[in-house]
Protein chains: 2
Amino acid sequence: MAEPASPRRLPTTRQGAAVLAALRSSGTFRSAQDIHAELRAGGAPVGLATVYRHLQLLAEHGVIDTLQAADGQTVYRHCRSDDHHHHIVCRRCGTSEEIEGPEVERWAESAARRLGYTDITHTVEIFGLCATCSAAGGH
Amino acid sequence: MAEPASPRRLPTTRQGAAVLAALRSSGTFRSAQDIHAELRAGGAPVGLATVYRHLQLLAEHGVIDTLQAADGQTVYRHCRSDDHHHHIVCRRCGTSEEIEGPEVERWAESAARRLGYTDITHTVEIFGLCATCSAAGGH
DNA sequence: CTCAGAATGATAACGATTCTCATACGCAAG
DNA sequence: CTTGCGTATGAGAATCGTTATCATTCTGAG
């Protein structure tokens, strides 16, 4: 313990900042490859390995949320809320909203406890077609 | 739509039966590689590609459930219940139980609808340490 | 028994992620 | 301003799970 004035350690390098910025300005779940390509194209070339490194760090520090897309890819998103929450994600365009569900937390807790499980975590993700995509005739 | 007398098509080949049997006798989520190794060792050699093929088919037909493990691997399980349900999985030993949660279904539905989403699906998985593993001092 | 179509499986191909390691950089001390 | 050192970087190799290929084998109908 020798960190008196460092409540959170945001990236100090150009590359780290670029990764976080890309996520911040997007609001949707993005893959590492996706971000890498964007930074490439945007004139701020960052190595793929570095992108992965920063995403991992940011996730560990709770700055961004991660989830596994249906195809196995890991996708990342910068969230407004620091609290525990879930997402509803459009399976067409990738947009997502943060949602909370206290009753779900409670349900998960008690169901698990009833079965003798401890040290409980859970994942809850909702997928659907957002208003725009359903209107566009999303099949 | 031309399936008059085929309510469910269970595997008719030795290999298909072996894959399903392996899953049936296990009760936990297993990876494809895992099952492949078991069948190998059990004297019923089945090609890896064939294992994947059957797992995919069984999943499509709703005979088995799938989920993405934390490391990105897809894992499969044969479930008792045909109804929609969720799982609580021991992150130590892999055991799992089926659980239902009507209130969660309702919550997901209404939260999504409120935001204008349609064609809704969801994933809910709970992870923890099962009674046995917690007792064994699961760290 | 014969034949056509489906299933199989060894292997190559793939795509995402992680690892390796030589180099570039940032920064504090001198 | 220069030196020195520890950390970050990134190109490319290495992994690993999964899927595609395609020649061979099997199955079931007739």
Side-chain angles (χ1 to χ4, degrees), chain A residues 2-6 8-23 29-61 63-77 94, chain B residues 2-6 8-23 29-61 63-77 94:
Chain A
E3 296 286 314
S6 182
R8 63 187 60 185
R9 182 177 346 199
L10 290 180
T12 56
T13 63
R14 177 181 68 75
Q15 289 86 342
V19 169
L20 182 53
L23 234 26
F29 281 94
R30 316 273 309 268
S31 71
Q33 310 267 350
D34 190 11
I35 293 171
H36 176 238
E38 174 180 319
L39 296 178
R40 266 286 153 101
V46 176
L48 182 56
T50 303
V51 172
Y52 274 105
R53 254 189 305 252
H54 280 286
L55 288 174
Q56 216 165 271
L57 280 177
L58 290 168
E60 271 169 28
H61 287 247
V63 180
I64 61 178
D65 281 3
T66 74
L67 76 83
Q68 307 272 341
D71 64 352
Q73 264 194 166
T74 304
V75 288
Y76 306 82
R77 174 182 169 171
Chain B
E3 297 286 317
S6 183
R8 63 189 59 186
R9 180 178 347 201
L10 290 179
T12 56
T13 63
R14 177 180 68 75
Q15 290 87 341
V19 169
L20 182 52
L23 233 26
F29 280 95
R30 317 271 310 267
S31 71
Q33 312 266 349
D34 190 9
I35 292 170
H36 176 239
E38 172 180 321
L39 295 178
R40 266 285 151 102
V46 176
L48 182 57
T50 304
V51 172
Y52 275 104
R53 253 188 306 250
H54 280 286
L55 288 174
Q56 217 164 272
L57 279 177
L58 289 168
E60 270 169 28
H61 287 248
V63 180
I64 61 178
D65 280 4
T66 75
L67 75 84
Q68 307 271 341
D71 65 352
Q73 265 194 166
T74 305
V75 288
Y76 307 82
R77 172 180 170 173

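What's counted below: heavy atoms across the whole structure, side chains too, no hydrogens, waters or symmetry copies. Within every chain, numbering begins at 1; the chains are lettered A, B, ... in the order of the sequence lines, protein sequences first and strands thereafter. All figures in this text were calculated on a predicted structure; none of them were measured in a lab.
Atom-to-atom distance recorded for B:L55:CG and B:T50:OG1 is 10.5 Å, nearest 0.5 angstrom. Atom-to-atom distance recorded for A:H61:NE2 and A:Q56:CD is 11.0 Å, nearest 0.5 angstrom.
Contact annotation: B:T74 side-chain N/O to D:dG17 OP1/OP2 distance is not under 4.0 Å. OP1 and OP2 of D:dA8 both lie 4.0 Å or more from every side-chain N or O belonging to A:Q15. B:Y52 has no side-chain polar atom (N or O) that falls below the 4.0 Å cut-off from OP1 or OP2 of D:dT19. For the pair B:T13 and C:dT8, the criterion of a side-chain N or O lying under 4.0 Å from OP1 or OP2 is met. Put simply, B:H54 has a side-chain N or O that comes within less than 4.0 Å of OP1 or OP2 on C:dT8.
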- Message: Pair A:R30, A:E38 - check side-chain contact (heavy atoms from CB on, under 4.5 Å), show working.
- Response: CA-CA 11 Å; A:R30 316 273 309 268; A:E38 174 180 319; 2.7 Å; yes

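Residue contacts for A:Q56: at a heavy-atom cut-off of 4.0 Å it reaches the sugar-phosphate backbone alone, with no base atom in range. Counting non-hydrogen atoms under 4.0 angstrom, B:S31 reaches nothing in the nucleic acid.
At whole-Å resolution of the value, CG in A:D71 and P in C:dA16 are 8 Å apart. In this structure, the CD atom of A:Q68 is 12 Å from the C1' atom of D:dG17, given to the nearest Å. Rounded to whole angstrom, the span from the CG atom of B:L67 across to the P atom of D:dG17 amounts to 16 Å. Separating the CG atom of B:L39 from the P atom of C:dA10 is a distance of 13 Å, rounded to the nearest angstrom. Distance, A:L57 CG to C:dT18 P: 12 Å, rounded to whole Å. Protein atom NE2 of B:H36 is 9 Å distant from nucleotide atom C1' of C:dG9, rounded to whole Å. Computed from coordinates, the B:I35 CD1 to D:dT18 C1' distance equals 14 Å when rounded to whole Å. Straight-line distance from the CZ atom of B:R53 to the P atom of C:dA6: 14 Å, rounded to whole Å.
Residues B:Q73 and B:S31 approach most closely at NE2-CB, 3.6 Å, considering heavy atoms. Annotation for B:T66 and B:A59: closest pair CG2-CB, 3.7 Å, computed over non-hydrogen atoms.
Residue A:L48 has its side chain nearest to C:dT17 when only D:dG17, C:dT17, D:dA20 are considered. Closest to the side chain of B:A32, from the set D:dT18, D:dA11, C:dT17, is D:dT18. Closest to the side chain of B:Q73, out of D:dA11, C:dA10, D:dG17, is D:dG17.
Remark: the A:R14 side chain and the C:dG26 base include no donor-acceptor N/O pair separated by less than 3.5 Å.
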